[in-house]
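Below: one structure, written as structure tokens.
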Amino acid sequence: MEKEINESIQGQSMILDERKGNTKKMFIESYGCQMNFSDSEIVASILANEGYNTTQNLEEADLVLVNTCSIRDKAEQTVRKRLEQYNAVKKINPSMKVGVLGCMAERLKEKFLDEEKIVDMVVGPDAYKDIPNLLKEVEDGRDAINVILSKEETYGDIAPVRLNSNGVNAFVSITRGCDNMCTFCVVPFTRGRERSREPQSILEEIQDLWNKGFKEVTLLGQNVDSYLWYGGGLKKDFVKATEMQKATAVDFAQLLDMCATQFPKMRFRFSTSNPQDMHIEVIETMAKHHNICKYIHLPVQSGSTRILEAMNRQHTREEYMSLVDRIYEIIPEISLSQDMISGFPTETEEDHQDTLSLMEHAKYDFGFMFAYSERPGTLAARKMEDDVPEEVKKRRLNEIIALQQKLGWERTRRFVGQEVEVLIEKESKRSDAHWSGRNSQNTVVVFPKENYKPGDFVMVKVTDCTSATLIGEAVGYSEKMQS
Ligand code: SAH
Ligand code: F3S
């Protein structure tokens with residue numbers, strides 16, 4: 001796996017079905033996590049009601065929106081460069097308006113309007129419903145900003161407009177915000193407190209996707225395992241819930257069970273799991289349902305108990321390894337992936353070795369690996385010196401990446417000779433005679449097209465592999481999943 005793979009899906013411009021009667025054009029692009037891509041679909045829906053269709057051509061846009069990421073300094077630099085490019089276009093088309101959405105908007109607030117003269121509108125992640133009002137202010141020549149974080153907003157009542165969609169896979173948000181306060185992480189500051197979306201609205205959105213022919217849904221949240229619906233409000237206020245609310249509360253295992261039972265031919269994935277909130281019931285529910293994919297993204301960040309504590313992760317190295325053992329026991333065919341940070345303040349060579357040995361233990365299929373980037377306002381930035389030299393961070397990161405490549409290669413190879421169930425997503429990038437899809441474990445599989453089509457569930461006999469891709473031949477439809 002490459003470093004910062006999360007960012008490799010950045011910068012896609014998006015298309016939206018034309019809505020008749022809409023005359024204005026907006027250009028929207030998203031950077032960062034899957035949640036941002038999902039949020040942009042909510043924004044597109046809000047703006048479709050305001051007379052905007054999307055365009056992929058920046059030059060013809062009346063409104064340009066960029067949904068931004070603050071997770072590492074590099075992510076912010078990418079957006080700043082993009083703003084410069086918008087500025088060049090704005091010189092030719094002065095009536096074009098530019099709005100910054102998402103985490104950078106939340107983190108920098110008014111500073112954006114002062115520093116970046118080309119920005120007309122700044123909107124935080126909980127304020128998208130206010131965009132129609134903000135646009136009116138912009139039209140009246142005023143700078144417009146709303147960065148208020150909400151205790152309730154989940155956008156559960158907005159039907160997202162699917163952007164850049166292959167018609168097969170879709171994201172559905174189930175929680176917003178995060179209460180974990182990992183000391184390195186800016187997310188709790190930019191996305192606010194954790195709240196869960198009403199199960200009924202989640203199921204309705206999935207029903208709508210099913211009706212439109214979608215075959216795989218990824219349930220999204222910063223920390224999905226801590227999903228808890230009890231009638232509204234913040235997760236942290238659950239202690240104040242009434243007895244009735246407590247009796248009818250729905251947790252993540254129950255939500256998964258409801259989804260998998262109600263839509264037996266829809267595949268489900270979820271992201272992201274935080275080890276400290278992962279319940280055994282979730283793993284048991286995964287084991288129970290064929291249509292819940294056997295893949296868990298289980299970020300750990302470090303293999304050293306001392307560093308985990310400094311990061312405010314609520315578990316030790318040993319506890320994490322026991323959790324991994326338990327998962328492999330209940331679901332032997334599971335794939336796991338990690339997020340890892342190299343060079344957190346005070347990290348020693350011994351801590352780094354702990355990270356490498358934990359990786360060997362967990363036998364991750366995939367990984368997303370980063371050098372520590374100090375984020376202003378976080379506890380680590382306020383209390384700890386960023387004292388691991390850049391070249392040491394890089395060298396450790398490279399060692400982590402090299403080990404992950406070795407582990408990933410070993411894990412990919414395990415499928416050779418097996419029959420795997422694949423959901424066809426699109427044409428293979430390398431060959432127009434091949435389909436590309438993923439098996440339950442999230443490994444990419446390519447095989448000759450024959451008469452199959454995207455959205456089909458097929459059984460593929462794996463004959464060969466590269467480091468991260470399986471190669472095979474279809475042997476028929478999946479009896480369990482093909483409808
Ligand atoms: N729970 C979230 C995590 C968001 S951040 C989710 O849904 O994925 C994604 C990853 O970025 C984290 O797991 C962490 O590995 C990395 N990251 C976060 N803050 C970072 C920082 N300050 N420097 C380097 N990497 C960071
Ligand atoms: Fe960030 Fe930790 Fe939450 S990594 S998103 S504070 S679980």
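Side chains included, hydrogens not; waters and symmetry mates left out as well; all remaining heavy atoms used. Both counts, for ligands and for their atoms, begin at 1 and track the order of listing.
Q338 and Q404 share a side-chain donor-acceptor pair at under 3.5 Å. With hydrogens and angles left out, the side-chain atoms of Q276 and N180 include a donor and acceptor closer than 3.5 Å. No side-chain donor-acceptor contact under 3.5 Å links N439 and N442. No hydrogens or angles considered: nothing links the side chains of S342 and R395 as a donor-acceptor pair under 3.5 Å. Side-chain N/O atoms of S322 and D325 include no donor and acceptor closer than 3.5 Å. Side-chain polar atoms of S150 and R193 form no donor-acceptor pair below 3.5 angstrom. Judged by distance alone, the side chains of N67 and S30 never bring a donor and an acceptor atom under 3.5 Å apart. In this structure, a donor-acceptor pair under 3.5 Å is absent between the side chains of H279 and D251.
Looking at R375 next to ligand 1, no N or O pair under 3.5 Å apart turns up.
With respect to E391 and K394, no salt bridge is recorded, no charged nitrogen being found less than 4.0 Å from a carboxylate O.
R267 forms no cation-pi arrangement with F457, by the criterion of a distance under 6.0 Å to the ring centre and an angle within 45° of the ring axis.
Sorted by chain and number, the protein atoms of type N, O or S within less than 2.8 Å of atom 1 (Fe) of ligand 2 are C185 SG.
Less than 4.0 angstrom separates some heavy atom of I71 from each of these atoms of ligand 1: 5 (S), 11 (O), 17 (N), 18 (C), 19 (N), 20 (C), 21 (C), 22 (N). Ligand 2 places these atoms under 4.0 Å from at least one heavy atom of N274: 7 (S). Those atoms of ligand 1 that come under 4.0 Å of a heavy atom in G221, given as number and element, are 7 (O).
Under a 4.0 Å heavy-atom criterion, I341 is in contact with ligand 1. Residue contacts with ligand 2 include R313, since one of its heavy atoms falls under 4.0 Å from the ligand.
In the candidate list Q338, Q222, H297, Q222 is nearest to atom 3 (C) of ligand 1, counting heavy atoms. Scanning D386, T272, V224, V300 for the heavy atom closest to atom 6 (C) of ligand 1 points to T272. The heavy atom nearest to atom 26 (C) of ligand 1, considering only Q301, R72, M35, is found in R72.
Of the heavy atoms in F184, both backbone and side-chain atoms come closer than 4.0 Å to ligand 1. Within the 4.0 Å heavy-atom criterion, the part of A371 lying near ligand 1 is the backbone and not the side chain.
In summary, the aromatic rings of H297 and F368 are positioned with their centroids under 6.0 Å apart.
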